[in-house]
Protein chains: 2
Amino acid sequence: MIMRGTRGKVSATIADVARRAGVGVGTVSRVLNDRPKVGAQTRARVLAAIEELKYVPSETARRLSLRRTQTIAVVSVHLVIPSVIERIHGIERSLTAAGLDMIIRNAETVERRDEVVREIARAGRVDGAIFISVAPQGEGQEEISASGLPVVLIDARRPGVPHIVCDDVEGGRIAGRHLLELGHTRIGFVGDPPSPRLGVRSSRTRLRGVTEALQECALRIDPSHIAEGEHSRLGGQQSARKILSGANPPTAIVAANDTLAFGVLQAARDLGLEVPGDLSVLGYDDIDAADLVQLTTIHQPLRESGTEAVRRLLAAIDGTGKGPLRTVLPVHLIVRGTTGPPRTSL
Amino acid sequence: MIMRGTRGKVSATIADVARRAGVGVGTVSRVLNDRPKVGAQTRARVLAAIEELKYVPSETARRLSLRRTQTIAVVSVHLVIPSVIERIHGIERSLTAAGLDMIIRNAETVERRDEVVREIARAGRVDGAIFISVAPQGEGQEEISASGLPVVLIDARRPGVPHIVCDDVEGGRIAGRHLLELGHTRIGFVGDPPSPRLGVRSSRTRLRGVTEALQECALRIDPSHIAEGEHSRLGGQQSARKILSGANPPTAIVAANDTLAFGVLQAARDLGLEVPGDLSVLGYDDIDAADLVQLTTIHQPLRESGTEAVRRLLAAIDGTGKGPLRTVLPVHLIVRGTTGPPRTSL
DNA sequence: CCAGATGGTGGAACCGGTTCCATCAATCTC
DNA sequence: GAGATTGATGGAACCGGTTCCACCATCTGG
């Protein structure tokens, strides 16, 4: 048994307004959309009728007629990752300002992602989509590009699709240089699981930056000082333990994100290592909790990445200029308490 | 210049399918909605036509026709509060499972809240709304209740509106008892700003629980050991500093949420107090970061509160039974490292 | 003074679904 | 075997906007 529109009073329609004002529906529509060619008195009469009837246009009818949903989809990995939340926050603000709705879908697994992508690709569900740290791939990508739906990626890259990224290589370099300047030479890296998962590789890119910084000093990372694991505190902890229990452990570890860095800190504690005395730890993202535990980290303009993505998406939807395929946002170092000179060099 | 539906190929409509299958639109609709009274062969033919045309029904047209938006609104305070995020996560899961869309609006200020409430109250925007730690008030409340829109509140109470809350009094009691059992007698409390702001009072309710626990032992809280400030780490820090700098400071502090508790920890560090030796700190929420800093806290079923809210809202939308006006979810204590016996009693 | 512009206006057609009603054949009932 | 019931089906009407076209006054220039 389905209940339909029975609740509340049925709101007035544009026809009611037209009748009340003694004009045609076309005229009311013109008034509503602030279009010219409406006499001053007529306009006043229509406005009065709208007021009296407490008329509010039906968004749904408008959408059907305009063939625009006024809604954009945000697809992200697990909704609890702090950096993702910050980005969504930026998106939300811009979208609201533009009078658009946002629906959120999360894609924790590859299967779920493909399902979500397919759903979105269906014509008419949304006017555009923003992907955060996920990118459509394979069949899903084909479907979505065939549908012509405007898409912008954040923290992900895919040939031919506009994307907003932070300068991950530079971030890695900055991290590496900071540790080098402190006197570290044995530097480790804890990252996300590698390749194919959800189509994002920022972890690897940051590693590349670190590597480059070391190369400038003719140093390199011992392969046994690199570990990759699940994007979680536990993952960071396990990776760090593996690295630190080796024969000649590093004196500093760069983590691909703050959550992993927290795990590294935990591992250090477990092993009785003092931070930063015995081990320096450097995170990435500068999420809220980083300040809490005094984590030195690379700050990314997370919220800005969201607003920028919206700007690009709206331009694509309106057909107003394409803009560059890639927008790179700057990052910078925030020194707190988890990095310092290595004990041996004191 | 407005671009209309010009991008991508125009997708097939139900009429195209009907023509292709050589049946009427009514029949196609019946097949689509899995309704009976369709012959087996006819159904097969229709399905074949759908397949051939890659037909996907227009959600917008469906909504207009059904007079249902298949969308619900989630209104929350600041989108960065971790407990809010967790709740939204629960909501998102349930809603997706039910095939509904969710739009998120945040209401950081009273003005913004009223604006959002008004927007939502407009008939036809959404089928229902969930408020998290905010509640419509005043004119907005009237408008929304006049519109007959189903609403469920989480972590907020308003007469006559169904709401999901955790047992804040009991949580406060549990917190109080835990500290009493450890031997504390001078217990302080750091909470959110008091009354009218956004219409939520859980901070005060938790305080009441603590007070009750103390009363069971014929103790009470020294009024100078209570402080209320902004819901942020800084707020907690300032409140704690005020309390701890008094003449006869407490040996333990209960915070109304984990974020405030982090501020309290910071204040303790600033003042050179050892935790839990000189000061025990007890949080509330059990957010992710609580584990990170080994904060003893009261665990609330945050995600579950979201799923429960959706369950209630869907029931209200379908008109299926009203259910109780108030649903209270249980809480429990998680002992970690920030609480211990007071030094004086050792 | 008249053809042609132009501002203002009404309303049909359309967007793409759902639903209800009329119709018709097949089966059931007594 | 006539009348009633039931299953299957087509299609018009409807949901509530937007847009385009036809039409009517005015106003303008020649």
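What you see is a predicted model, and the numbers here were worked out from it, not measured in a lab. Just so we're on the same page: letters track the sequence lines, and every chain starts at 1.
With 3.5 Å as the limit, one finds no donor-acceptor pair spanning the side chains of B:Arg63 and A:Thr60.
The CZ-C1' distance, from A:Arg19 to D:dG16, rounds to 13 Å in whole Å. Going from atom CZ of B:Arg62 over to atom P of D:dG17 covers 21 Å, rounded to whole Å. Distance, B:Arg43 CZ to D:dT9 P: 9 Å, rounded to whole Å. To the nearest angstrom, P of D:dC14 lies 18 Å from CD1 of A:Ile14. At whole-Å resolution of the value, CD1 in B:Ile50 and P in C:dG17 are 10 Å apart. At whole-Å resolution of the value, NZ in A:Lys37 and P in D:dC24 are 17 Å apart. Distance B:Arg63 CZ to D:dC14 P: 24 Å, rounded to the nearest Å. Rounded to a whole Å, the CZ atom of B:Arg35 is 16 Å from the P atom of D:dG7.
If A:Leu32 and B:Leu64 are placed on DNA chain D by their nearest nucleotide, the residue sitting closer to the 5' end is B:Leu64.
Between B:Asp155 and the choices B:Ser305, B:Ser83, B:Ser133, the side-chain hydrogen bond (donor to acceptor under 3.5 Å, both in side chains) rule is met once, by B:Ser133. Of the candidates B:Arg157, B:Arg326, B:Arg312, B:His163 forms a side-chain hydrogen bond (donor to acceptor under 3.5 Å, both in side chains) with just one, namely B:Arg326.
Checking C:dT9, C:dG16, D:dG17 against the side-chain heavy atoms of B:Ser58 singles out C:dG16 as nearest.
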Interface polar pairs with nucleotides 11-13 of chain C, N/O, under 3.5 angstrom:
{"residue": "C:dG11", "atom": "O6", "partner": "A:Arg30", "partner atom": "NH2", "Å": "3.4"}

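With values rounded to the nearest 0.5 angstrom, B:Ile130 atom CD1 is found 4.0 Å from B:Ile72 atom CD1. If you take CD1 on B:Ile104 and CD on A:Glu92, they are separated by 7.5 Å, rounding to the nearest 0.5 Å.
In terms of phosphate contacts, A:Ser29 brings a side-chain nitrogen or oxygen within less than 4.0 Å of OP1 or OP2 of D:dT18. Phosphate proximity of C:dT19 to B:Ser65: absent, as no side-chain N or O sits under 4.0 Å from OP1 or OP2.
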